[in-house]
Amino acid sequence: MIFNNNHYHKLLLLITITLLLLLLIVPVIKGSIHEYRKELFTPQSNAFLFHGGSEGLFASKHFNQTNNSNSNLNNNNNNININDSVTLTSPIEGKSFIRFESVTFKRTDDSAKIQNEMQSKTGLVEAIIFEVKDTERIGGNFLKGDSHVFCCTPKLAADGSCTVGEVIIKKDDDNPQWPKRIQTFFAGKEAEAKMTPQSIEINKTGMYYLFFMYCDPQLKGTTISGRTVWRNPDGYLSGKMVPLMTFYGVMSLAYLVLGLGWFLRFVQFWKNLMQLHSHISSIIALGMCEMALWYFDYSNLSATGSRPFGITVWAVTISAVKKTLSRLLLLVVSMGYGVVRPTLGGVTSKVLILGAVYFVASEALELVEHLGNINDFSGKTKLYLVLPVAFLDSWFILWIFSSLSKTLEKLQMRRSIAKLEVYRKFTNALALFVLLSIAWIGYELYFNATDPVSELWRIYWIIPAFWSLLAYSLLVVICILWAPSRNPTRYAYGGDTGDDYDEEAISLTTGVKVEGGEIGMVVERKEKKGLGSTDHLIGLTEDLAEDKRE
């Protein structure tokens with residue numbers, strides 16, 4: 001065995017404690033429901049704003065009939081046209097919308113006390129909804145000389161460009177109702193203002209942003225509570241994630257096909273199996289479970305708007321376990337476990353520690369990323385969680401190729417041609433996958449740098465899909481190279497019996513073509529007696545010395 005029972009128990013205990021601690025700090029799963037819990041507004045230029053959410057939304061499959069006839073009723077009014085809203089009781093099938101539920105603004109007591117109780121409007125907070133391509137229409141970007149302001153100033157109001165105290169918005173000539181503005185006023189000395197519950201229908205596909213903003217400095221310290229619900233025509237799944245659900249379904253079938261093929265070989269040659277085959281089988285099973293759980297997780301999110309806690313945690317955990325075991329499998333194979341060495345020797349504890357640390361880092365990243373709201377994962381937080389995983393992946397790669405180099409040297413020294421050929425193919429394949437990974441990381445960095453506001457949200461799904469496809473392809477390569485066969489000893493560790501030598505090695509070292517028969521047997525015996533007693537003994541001595549050093 002690679003790891004004894006004591007090692008397994010320690011690793012299992014560490015994984016359990018880590019999972020429990022991480023679950024305590026993870027927020028409630030809400031998927032496409034963006035919740036606000038007394039959030040503060042951030043000063044920006046001459047305004048105060050709060051980012052309420054952003055998601056890719058597809059256009060509704062059928063629109064409200066009243067929109068076309070009444071679209072121009074309020075063109076001269078910045079307030080929202082009620083005909084662009086979907087009533088809370090109307091059917092939602094085939095509709096795409098953003099719904100405001102129980103959104104409440106609360107200003108400070110000091111701000112409320114200084115107001116005139118007889119005034120009906122003593123403070124204004126606006127909800128601004130716009131498509132990413134209309135970003136330049138928000139604020140003074142389209143005005144000469146005042147491109148850095150968001151709120152209308154008396155000077156701009158004198159020119160008739162806007163209304164004092166409101167956010168500057170330039171309406172789209174082709175669609176005068178957008179960008180959308182929804183106003184909520186404080187009354188008298190009241191400390192709270194509740195936004196009217198409503199749903200804004202989306203009739204055009206795009207990446208939409210929601211910002212809550214106010215211009216009055218007296219409202220400083222105002223907080224927002226409540227939530228918004230974002231829905232696509234076919235469900236609550238974000239537009240970025242819709243293709244991923246289909247992808248995970250296809251990958252589940254792909255792992256199933258691979259598993260069936262591997263199982264047939266497993267059964268066919270069950271008497272000639274190595275321990276390595278069992279490890280490969282576990283990776284295939286974990287991959288199948290991972291893809292299936294992600295599919296059901298996304299499917300449930302699309303249907304309900306909330307992620308099922310149990311399925312999501314299981315999917316995240318199995319994903320982290322699979323990633324960890326996959327890397328450990330590559331590492332122990334590279335070390336020649338079961339091929340040039342029967343055990344890992346003194347390096348076992350180091351492998352276990354690296355695996356445990358990687359699991360903790362990967363689990364933390366996956367939990368925070370998938371159990372939070374869709375777009376509430378800040379870049380700073382993500383950086384702190386991604387860096388440890390990236391560092392550990394680099395460590396794995398360096399250790400794997402360093403071990404491969406040593407394993408190839410041992411096989412060359414022992415003239416184990418069959419094993420050497422397998423490891424050369426494995427090394428070439430692994431090098432190709434590493435190069436593809438580096439190239440894709442570069443593309444991913446370029447993608448994120450050139451698309452900071454997610455204009456390319458419709459193809460975003462290929463970023464995570466590539467890594468799943470790459471892992472699957474590498475697993476297929478390993479399954480082909482180490483497939484169960486009638487002669488497992490050809491690739492297995494041969495101990496000190498000289499099994500490392502094969503007929504190919506004999507023919508290459510003696511210059512005699514061996515095709516069987518009496519001559520081949522004589523040559524084989526001579527070579528085993530000569531070379532096997534010297535070179536092979538030297539190889540075993542070096543292995544023992546290396547194990548002691550490790």
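- Closest approach of G53 and W230 over heavy atoms only: O-CH2, 3.5 Å.
- At distances below 3.5 Å, at least one donor-acceptor pair connects side-chain atoms of Y472 with backbone N or O atoms of A254.
- Evaluation of the side-chain contact (heavy atoms from CB on, under 4.5 Å) rule for V257 yields no partner, not counting sequence neighbours.
- With ring centers used as reference points, Y298 lies under 6.0 Å from Y248.
- For the residue pair E39 and T223, no side-chain donor N or O sits within less than 3.5 Å of a side-chain acceptor on the partner.
- For the atom pair CD1 of I400 and OG of S334, the computed distance is 5.0 Å after rounding to the nearest 0.5 Å.
- One distance of note links CD1 of I283 with CD1 of I478; it measures 8.5 Å at 0.5 Å rounding.
- Residue S437 holds its OG atom at 6.5 Å from CD1 of I397, rounded to the nearest 0.5 Å.
- Not one N or O on the side chain of S362 forms a donor-acceptor pair closer than 3.5 Å with the backbone of Y358.
- With hydrogens and angles disregarded, no donor-acceptor distance shorter than 3.5 Å links the side chain of R424 to the backbone of L420.
- Considering OG1 of T205 and CG of L57, their distance stands at 8.5 Å, rounded to 0.5 Å.
- In this model, no donor atom of one side chain and acceptor atom of the other lie less than 3.5 Å apart for Y460 and D451.
- Between L331 and F396 there is a side-chain heavy-atom pair separated by less than 4.5 Å.
- In this structure, F263 places its CZ atom where only 12 or fewer heavy-atom neighbours from other residues, nucleotides or ligands lie under 6.0 Å away.
- A distance-only check finds no donor-acceptor pair linking the side chain of S102 to the backbone of G226 [under 3.5 Å].
- Surrounding CH2 of W467 are more than 12 heavy atoms belonging to other residues, nucleotides or ligands, all under 6.0 Å away.
- Side chain of N232 to main chain of S96: no donor-acceptor pair is present (N/O by atom type, distance under 3.5 Å, no hydrogens or angles).
- Using a 4.5 Å cut-off on side-chain heavy atoms (C-beta onward), K240 and M207 make contact.
- Closest approach of L40 and F50 over heavy atoms only: O-CD1, 3.8 Å.
- Counting heavy atoms from C-beta on, the side chains of L474 and L470 never come closer than 4.5 Å.
- Using modelled atom types and a 3.5 Å distance limit, the side chains of S281 and W262 yield a donor-acceptor pair.
- Here the side chain of R231 pairs a donor or acceptor atom with the backbone of P233 at under 3.5 angstrom.
- Taking the six-membered ring for Trp and thresholds of 30 and 60 degrees, F426 and Y423 have ring planes more than 60 degrees apart, a perpendicular arrangement.
- The shortest distance between side-chain heavy atoms of V476 and L258 falls below 4.5 Å.
- The 12-atom threshold is exceeded at OH of Y209, counting heavy atoms of other residues, nucleotides or ligands nearer than 6.0 Å.
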side-chain contact (heavy atoms from CB on, under 4.5 Å) evaluation trace for Y236 with V229 = CA-CA 8 Å; Y236 293 95; V229 179; 3.5 Å; yes

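- Taken from NE2 in H34 to CG in L210, the straight-line distance is 8.5 Å, to the nearest 0.5 Å.
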Test log, rule side-chain contact (heavy atoms from CB on, under 4.5 Å), inputs L387 and F391 | CA-CA 6 Å; L387 283 179; F391 173 75; over 6 Å; no

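- Within the 3.5 Å criterion, the main-chain N or O of W482 finds a donor-acceptor partner in the side chain of H277.
- Residues T312 and W314 bring no donor and acceptor atom of their side chains to less than 3.5 Å of each other.
- Using cut-offs of 30° and 60° for the angle between ring planes, the F447 and Y443 rings count as tilted.
- Ring centroids of F58 and W457 are separated by less than 6.0 Å, placing the two rings close together.
- Formation of a donor-acceptor pair under 3.5 Å by the S282 side chain with backbone atoms of H279 is found in this model.
- In this structure the side chain of I284 reaches within 4.5 angstrom of the side chain of C479, judged on heavy atoms.
- Using a 4.5 Å heavy-atom cutoff, the side chains of I311 and W294 are not in contact.
- Between L475 and I280, the shortest heavy-atom distance links the atoms CD1-CG2, 4.4 Å.
- Salt-bridge check for K419 with E421: failed, with every basic side-chain N at 4.0 Å or more from each acidic carboxylate O.
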Step by step, would you call Y36 with T228 a side chain to side chain donor-acceptor pair (under 3.5 Å)?
-> CA-CA 9 Å; Y36 320 124; T228 55; 2.6 Å; yes

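- S468 places a side-chain heavy atom less than 4.5 Å from the side chain of F247.
- Here the side chains of L301 and M241 are in contact, with some heavy-atom distance below 4.5 Å.
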Begin with the C-alpha distance, continue with both residues' side-chain angles, and end with the deciding distance and a verdict on side-chain contact (heavy atoms from CB on, under 4.5 Å) for W399 and L404.
-> CA-CA 8 Å; W399 199 353; L404 273 175; over 6 Å; no

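- Under the 3.5 Å distance criterion, the side-chain polar atoms of S252 are matched with a main-chain donor or acceptor of A292.
- The only option from E290, E363, K322, E366 that meets the side-chain hydrogen bond (donor to acceptor under 3.5 Å, both in side chains) definition with T317 turns out to be E363.
- The distance from the OH atom of Y295 to the CG atom of L253 is 9.5 Å, given to the nearest 0.5 Å.
- Applying the 6.0 Å contact sphere to NZ of K425 captures no more than 12 heavy atoms from other residues, nucleotides or ligands.
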